[in-house]
Amino acid sequence: MGAYAELDSLIALQTKARGFSLLHSQPAHSLLYGRRASHVRGRGLDFEELREYVAGDDVRSIDWRVTARTTRPYLRVYSEERDRPTMLVVDQRINMFFGSRVSMKSVVAAQIAALAAWRVFQQGDRVGAFVFNDTATEAVRIHRSRGNVLRILDVIARQNKALRGDSPARSTPARLNEVLRAVSGVCRHDALVVIASDFDGADAATRDLLLRLSQSNDVVCCFVFDPLAVKWPAADQLVVSDGQLQVELPLGRESARKSIASASDRRIQTILAWHKELGIPVLPISTAADVSRQLRHLLGQASFLRKRL
């Protein structure tokens with residue numbers, strides 16, 4: 001089982017960061033199809049839309065007529081081909097240190113981030129990261145360089161290595177929303193935000209934060225899950241532990257199995273529903289399969305590439 005994400009293995013994923021795109025232009029069967037064109041928003045020749053002024057915007061783009069009519073500052077936004085900053089949000093909390101097959105969820109999240117970072121770098125764009133655990137968040141500023149990608153991977157590998165079954169860290173579901181608020185403060189507009197997490201602690205506030213973030217940025221949620229959450233094993237009982245306490249789940253009783261499965265299914269369906277409710281792509285990534293293959297499939301590029309070969 002892949003219990004830890006070694007730095008060397010994350011670096012080696014550079015060779016697998018092909019065959020998928022995080023850009024807007026996608027085949028019709030892709031989860032990203034129908035979103036904005038591959039041009040990001042900036043100054044250019046083709047008018048795209050009007051939007052409210054955000055601190056830091058170029059005041060030269062203000063539409064004074066609309067501003068005077070609405071009494072609120074508005075910008076004229078034009079399409080322009082240029083690089084787009086990408087922010088990776090990587091969950092390395094203790095709840096991610098679980099896996100019934102192949103890899104831990106924490107390892108899968110690390111691999112997703114590494115593949116995305118290398119892909120962004122290959123496309124000539126800038127990338128940064130928020131890597132968080134139950135007690136701290138390490139931020140790597142957005143920059144375009146191989147060295148910055150390596151810094152991101154080093155932070156991820158270091159936090160990943162700190163996870164262990166007997167860790168004194170207590171699960172902190174509230175950390176998810178804390179980090180999303182911090183990301184919103186940095187990614188004001190026109191960024192791509194890729195979140196790799198099991199979304200433990202997701203609630204109505206999480207939904208609102210993602211909605212606000214997606215109104216001025218592009219957000220992709222990589223929902224990391226373990227097959228055990230989808231299909232419980234046929235066993236008399238299952239012992240689960242958070243490193244300090246352990247509980248025996250009476251899976252041999254049909255009523256208990258149904259109750260546990262129902263609660264797990266409700267949580268999964270709530271997260272997957274963000275795709276339709278918020279217009280945010282939600283990519284379910286399993287711990288039981290190759291991550292790069294799953295990304296290529298979910299981003300709709302696999303069959304497209306086969307047609308080209």
Starting at [atom1] of [X], measure out to [atom2] of [Y] and round the result to the nearest 0.5 Å.
X: L209; Y: D203; atom1: CG; atom2: CG; answer: 8.5 Å
X: Q215; Y: L210; atom1: CD; atom2: CG; answer: 11.0 Å
X: K105; Y: L163; atom1: NZ; atom2: CG; answer: 11.5 Å
X: I152; Y: F130; atom1: CD1; atom2: CZ; answer: 11.5 Å
X: N217; Y: D190; atom1: CG; atom2: CG; answer: 7.0 Å
X: L50; Y: S61; atom1: CG; atom2: OG; answer: 11.0 Å

Does a side-chain heavy-atom distance below 4.5 Å link [X] with [Y]?
X: M104; Y: V224; value: no
X: T287; Y: V102; value: no
X: F98; Y: L228; value: yes
X: F20; Y: L115; value: yes
X: V194; Y: C222; value: yes
X: R93; Y: D198; value: yes
X: P284; Y: S286; value: no
X: Q159; Y: S106; value: no

Tell me, yes or no, whether the heavy-atom count around R293 atom CZ, taken from other residues, nucleotides or ligands under 6.0 Å, exceeds 12.
no
I'd like to know whether CZ of R141 has more than 12 heavy-atom contacts from other residues, nucleotides or ligands below 6.0 angstrom.
no
CA sep, side-chain torsions, deciding dist, call: V66, R69, side-chain contact (heavy atoms from CB on, under 4.5 Å):
CA-CA 5 Å; V66 176; R69 188 167 64 248; 3.7 Å; yes
Please list, chain by chain and in numerical order, all residues satisfying salt bridge (Lys or Arg N to Asp or Glu O under 4.0 Å) with R188, sequence neighbours excluded.
none
In chain order, what residues pass the side chain to side chain contact (heavy atoms under 4.5 Å, CB included) check against S184, with sequence neighbours excluded?
L213
Looking at every non-hydrogen atom in both residues, tell me the closest pair between [X] and [Y] and how far apart they are.
X: T135; Y: N133; result: N-OD1, 2.9 Å
X: D226; Y: G99; result: OD1-CA, 3.3 Å
X: N95; Y: S171; result: OD1-OG, 4.4 Å
X: V90; Y: A109; result: CG1-O, 4.0 Å
X: R296; Y: G19; result: CG-O, 3.4 Å
X: A157; Y: A5; result: CB-O, 3.8 Å

Are V54 and I142 connected into the same hydrophobic cluster when the rule is that any two of I, L, V, M, F, W, Y join if their side-chain heavy atoms are below 4.5 Å apart?
no
Verify, without hydrogens or angle tests, whether [X] (side chain) and [Y] (backbone) share a donor-acceptor contact under 3.5 angstrom.
X: E52; Y: R72; value: no
X: T67; Y: Y74; value: yes
X: W118; Y: L10; value: yes
X: T172; Y: D134; value: yes

For F223, the ring pair (Phe, Tyr, Trp, His ring centres under 6.0 Å) test, sequence neighbours excluded, returns none
Quick one, F132 with V89, criterion side-chain contact (heavy atoms from CB on, under 4.5 Å). Give me CA distance, side-chain angles, the key distance, then yes/no.
CA-CA 8 Å; F132 69 102; V89 183; 3.9 Å; yes
Could you verify whether a donor N or O on one side chain and an acceptor N or O on the other, from R119 and Q122, lie under 3.5 Å apart?
yes
Distance alone, cut at 3.5 Å: any donor-acceptor contact between the side chains of T137 and R175?
yes
So which of L211, D218, V193, V219 actually passes side chain to side chain contact (heavy atoms under 4.5 Å, CB included) with I280?
V219
When L153 is tested against each of D8, N148, L13, I11 for side chain to side chain contact (heavy atoms under 4.5 Å, CB included), which residue passes?
I11
Is the distance between the ring centroids of Y4 and F97 under 6.0 Å?
yes
Determine, stepwise, if the pair D200 / L176 fulfils side-chain contact (heavy atoms from CB on, under 4.5 Å).
CA-CA 7 Å; D200 180 60; L176 176 63; over 6 Å; no
Take R164 and D166 through the test salt bridge (Lys or Arg N to Asp or Glu O under 4.0 Å) and record every step on the way to the result.
CA-CA 6 Å; R164 62 182 193 273; D166 60 350; 2.8 Å; yes
Please report the C-alpha distance between F199 and D91 in whole Å, then the side-chain angles of each, then the deciding distance to 0.1 Å, and finally whether the side-chain contact (heavy atoms from CB on, under 4.5 Å) criterion is met.
CA-CA 8 Å; F199 293 94; D91 190 347; over 6 Å; no
